[in-house]
*Asks:* 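Have a look at the structure that comes next, please.
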Amino acid sequence: MPQPWGDSQDADREVLIDEDEGETGMTSGAAAALHSSHLSNGSSSGFSDQDVSIIPHAEDSAASSASGHVRALSLFGYHLDRRQLLTFTLCSSFFALGLVMALLGPTLIDIGHRLGFSSADTQSKMAKVFTARSVGYLFGSMFGGYFFEMMHNTCLTLGVVMVLNAVGTALIPVCKSVWTVMTVITTQGICMGFLDTGGNVLILLLWGKACGPYMQALHFSFGLGTFFAPLLAQHFIGSNLPASQVNCPVDNPTVNGTTTTTTASPEDSVVESDVQWAFWVCTIVILIVAMLFFFLSRQAPKGGEKSAREAAHEHNAHRREGLYRTMVLLLACTFLCVYVGLEVSYGGYLFSYAVKYCPIQLEESKAAYLTSVYWGFFALFRLVAVGLAMKCHPIVITIADLLGTILSSGLMLILHKSETMLWIGTAMFGASMSSIFPSAYHLVEEYIDVSGKAASIIVVGAATGEMALPLFTGYMFDSSYGPVSMLYIVCIGCILAFFVFLVFIVWGHKGKDYAERRASRTSLPSNSIGDGEL
């Protein structure tokens, strides 16, 4: 397993046991004995992550400061340890990830105009850009887990990834051809895939079975970034003539009483935009996060013993092998493939749908606000899910979310000519989509041990959906079916995701029961790992 703080040989750590809670029923002498056993054996000594907190020895503080290794940080009166600092930095990186991910949708038309595309065929041609990013995301996810398991300093690795992501973001608006944009955005997608895989795995490593709220917080940060992206873009995108003059035919009377159908020239209607500044602001945000990773990489401790989570990983081979594990990963990949494809397709094409669909025809500034409504409710309900994750099982959260997506997408499809329903349905759909990914990821962790390689497989499934579904949606968008085809794709996809998830939880629970019965027949020592690790 990678060490979040760097290469570890001999860290000075202290296991503190809360005697006041009475859960362990141990005296201070027993605690000291277990402390000694923990350091000598390099194992968890039967405690879960919730029962153990790791802090440096007080006598080592001066030495740590002298050597430049900061074990904790005091911020606004709060004492933050390295685990909390890394969690905050990971959340910041996912905020930047969401910012970049959602920025392409509202700026798609402006970028297309810069490349010489007309408004009529922007979606079909710029769909290649979504595909290019998704291909990069796929490769980044595919190799990210393997790469992180080989690296000893993951903070340094993530810092380099963020710098490369910043360079790609800065170059997108200045590219002169679609192939150049595709090359740059593929590189950016690779960095995104690395960050997605590494961030999710590190949260699991840092918090173990208590990862639920932290996983939701990580993905809330992503949602928060996606909310601010359209608001940022709105200040810099160009202004066009109303959509009725650009996209929809207009009847013009002639002198002989007949009518002719004309369409305004997009080249004549477009006002030059300053969209590059939106990308450059994102670049600055990404570089700030990269500096945080570099700071943490320099604070790496000089050593460390085997964590409780790694000990559990070694003793639970029955959860990591065979048909059960393979099917859990396959079903998780399929479910997240459909889900992420829907999330990206709707968020990416909502702006263009609102502008180009003739019964709606919103102005670009208003369409940007509509996109912000989607990502805003997406972020808000991810924040709500942080609290729900402490009280509700991830299965309950996910099923409620999926039913909400089916209801909202169905209403928008049935009342597709209503602008009011589009606003209401978009808010409902964003709220329902919000916590599906982190809840499903947490559920996978309940069924199997998620290593770096397993995380790569899961995120590859998500990246495949991000690659394939937006491409298909883009071509259908400009086909004879028109922009409304997006709503059909979303509604059918939500129904499909619901049934795949049902199969996933049925298989997961049956296999989990079998694995637990098998584990009870093994000769593992009863105190080899804590209950919280199973």
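Note that these values count all heavy atoms, side chains included, but never hydrogens, waters or copies made by symmetry. One is the number of the first residue; the rest follow in order along the sequence.
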*Asks:* Do Met428 and Phe377 have side chains that get closer than 4.5 Å, going by heavy atoms?
*Replies:*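 Side-chain contact under 4.5 Å: no.
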
*Asks:* Looking only at side-chain N and O atoms, does Thr169 offer a donor or acceptor that is under 3.5 Å from a partner on Gln188?
*Replies:* yes

*Asks:* Looking at every heavy atom in both Ser221 and Cys91, which two are closest together, and how far apart are they?
*Replies:* CB-O, 3.0 Å

*Asks:* Would you compute the distance between atom CD1 of Ile505 and atom CD1 of Ile395 and round it to the nearest 0.5 angstrom?
*Replies:* 5.0 Å

*Asks:* For the residue pair Ser409 and Cys494, establish whether any side-chain heavy-atom pair is separated by less than 4.5 Å.
*Replies:*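 A side-chain contact exists here, since the closest heavy-atom pair is under 4.5 Å.
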
*Asks:* Between the side chains of Asn153 and Ser297, does any donor sit under 3.5 Å from an acceptor?
*Replies:*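 Checked: Asn153/Ser297 side chains show no N/O donor-acceptor pair below 3.5 Å.
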
*Asks:* Mind checking whether Phe429 and Tyr374 have parallel, tilted or perpendicular rings, split at 30° and 60°?
*Replies:* parallel

*Asks:* For Tyr349, is there any backbone N or O sitting under 3.5 Å from a side-chain donor or acceptor partner on Ser352?
*Replies:* no

*Asks:* Would you find a donor on one side and an acceptor on the other, under 3.5 Å apart, between the side chain of Asp196 and the backbone of Met192?
*Replies:*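 The answer is no, because no donor-acceptor pair under 3.5 Å joins these two groups.
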
*Asks:* How close do Ala96 and Ile286 get, heavy atom to heavy atom, and via which atoms?
*Replies:* CB-CG1, 3.9 Å

*Asks:* Between Phe504 and Tyr447 (judged by ring centroids, cut-off 6.0 Å), do the two rings come close enough to count as a pair?
*Replies:* yes

*Asks:* Would you sort out whether Phe437 and Val340 count as a side chain to side chain contact (heavy atoms under 4.5 Å, CB included), showing the intermediate values?
*Replies:* CA-CA 8 Å; Phe437 189 97; Val340 174; 4.0 Å; yes

*Asks:* Regarding Trp207 and Thr87, do their side chains bring together a donor and an acceptor under 3.5 Å, going by distance alone?
*Replies:*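 Their side chains do contain a donor-acceptor pair, which is all the 3.5 Å distance test asks for.
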
*Asks:* Supply the atom-to-atom distance Asn165 CG to Leu158 CG, rounded to the nearest 0.5 angstrom.
*Replies:* 11.5 Å

*Asks:* When you look at Tyr369 and Leu231, which way does the side chain to side chain contact (heavy atoms under 4.5 Å, CB included) test go after all the steps?
*Replies:* CA-CA 7 Å; Tyr369 285 123; Leu231 296 178; 3.9 Å; yes

*Asks:* Output yes when a side-chain donor or acceptor of Ser345 lies under 3.5 Å from a complementary backbone atom of Leu342, and no otherwise.
*Replies:*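 Not a single qualifying donor-acceptor pair exists.
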
*Asks:* In Å, rounded to the nearest 0.5 Å, how long is the span from CG of Leu90 to CG of Leu206?
*Replies:* 7.0 Å

*Asks:* Does any N or O in the side chain of Ser439 come within less than 3.5 Å of the main-chain N or O of Ile436, such that one atom is a donor and the other an acceptor?
*Replies:* no

*Asks:* What distance separates Ser435 OG from Ile397 CD1, expressed to the nearest 0.5 Å?
*Replies:* 6.0 Å

*Asks:* When you measure from the side chain of Arg382 to the backbone of Leu218, do you find a donor-acceptor pair of N or O atoms at a distance under 3.5 Å?
*Replies:* no

*Asks:* Test Phe378 against Val373 for side chain to side chain contact (heavy atoms under 4.5 Å, CB included), laying out the working first.
*Replies:* CA-CA 8 Å; Phe378 186 88; Val373 167; over 6 Å; no

*Asks:* Hey, are the side chains of Leu103 and Leu99 touching, using non-hydrogen atoms and a 4.5 Å cut-off?
*Replies:* no

*Asks:* Any side-chain heavy atom of Phe95 sitting closer than 4.5 Å to one from Phe228?
*Replies:*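 Sidechains of Phe228 and Phe95: in contact.
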
*Asks:* At their closest point, which heavy atom of Ile111 faces which heavy atom of Pro173, and how far apart are they?
*Replies:* CD1-CA, 4.2 Å

*Asks:* Looking only at side-chain N and O atoms, does His393 offer a donor or acceptor that is under 3.5 Å from a partner on Glu446?
*Replies:*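 Yes - a donor-acceptor pair under 3.5 Å links their side chains.
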
*Asks:* Is there a side-chain contact between Thr398 and Leu402, using heavy atoms and a 4.5 Å cut-off?
*Replies:*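 Heavy-atom side-chain distance check passes, below 4.5 Å.
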
*Asks:* Could you check whether Thr426 and Tyr346, counting side-chain N and O atoms only, form a donor-acceptor pair closer than 3.5 Å?
*Replies:* yes

*Asks:* I'd like to know if the side chain of His442 reaches the main chain of Pro438, judged simply by a donor and an acceptor atom lying under 3.5 Å from each other, with no hydrogens or angles considered.
*Replies:*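 Checking the backbone N and O of Pro438 against the side chain of His442, no donor-acceptor pair under 3.5 Å is found.
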
*Asks:* Out of curiosity, Leu469 CG to Cys337 SG, how far, rounded to the nearest 0.5 Å?
*Replies:*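 So the gap between those two atoms works out to 8.0 Å.
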
*Asks:* Is there a donor-acceptor pair closer than 3.5 Å between any side-chain N or O of Arg133 and the backbone N or O of Gly189?
*Replies:* no

*Asks:* Please report whether the ring centroid of Phe335 lies less than 6.0 Å from that of Phe501.
*Replies:*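 Between Phe335 and Phe501, which both carry aromatic rings, the centre distance is below 6.0 Å.
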
*Asks:* Could you tell me which non-hydrogen atom of Val338 sits nearest to which non-hydrogen atom of Ala497, and how far apart they are?
*Replies:*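 Smallest heavy-atom distance, with atoms named: CG1-CB, 3.9 Å.
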
*Asks:* Any luck finding a side-chain donor-acceptor pair between Glu445 and Tyr441 under 3.5 Å?
*Replies:* no

*Asks:* Test side chain to side chain contact (heavy atoms under 4.5 Å, CB included) on Thr107 and Phe279 and set out the steps.
*Replies:* CA-CA 10 Å; Thr107 59; Phe279 287 89; 3.5 Å; yes

*Asks:* Heavy atoms, side chains only, cut-off 4.5 Å: are Tyr137 and Val344 in contact?
*Replies:*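 Not in contact.
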
*Asks:* Which heavy atom in Phe381 sits nearest to a heavy atom in Ser434, and how many Å separate them?
*Replies:*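 Nearest heavy atoms, Phe381 then Ser434: CB-OG, 3.3 Å.
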
*Asks:* Side chains of Leu138 and Glu466, heavy atoms from C-beta outward: is any pair under 4.5 Å?
*Replies:* no

*Asks:* Could you report the tightest heavy-atom contact between Ala354 and Leu422, atom names first, then the distance?
*Replies:* CB-CD2, 4.5 Å

*Asks:* Drop me the distance from Met327's CE to Thr334's OG1, to the nearest 0.5 angstrom.
*Replies:*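 Going from CE on Met327 over to OG1 on Thr334, the span is 8.5 Å.
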
*Asks:* With a 4.5 Å heavy-atom cut-off, do Ile457 and Met142 have their side chains touching?
*Replies:* no

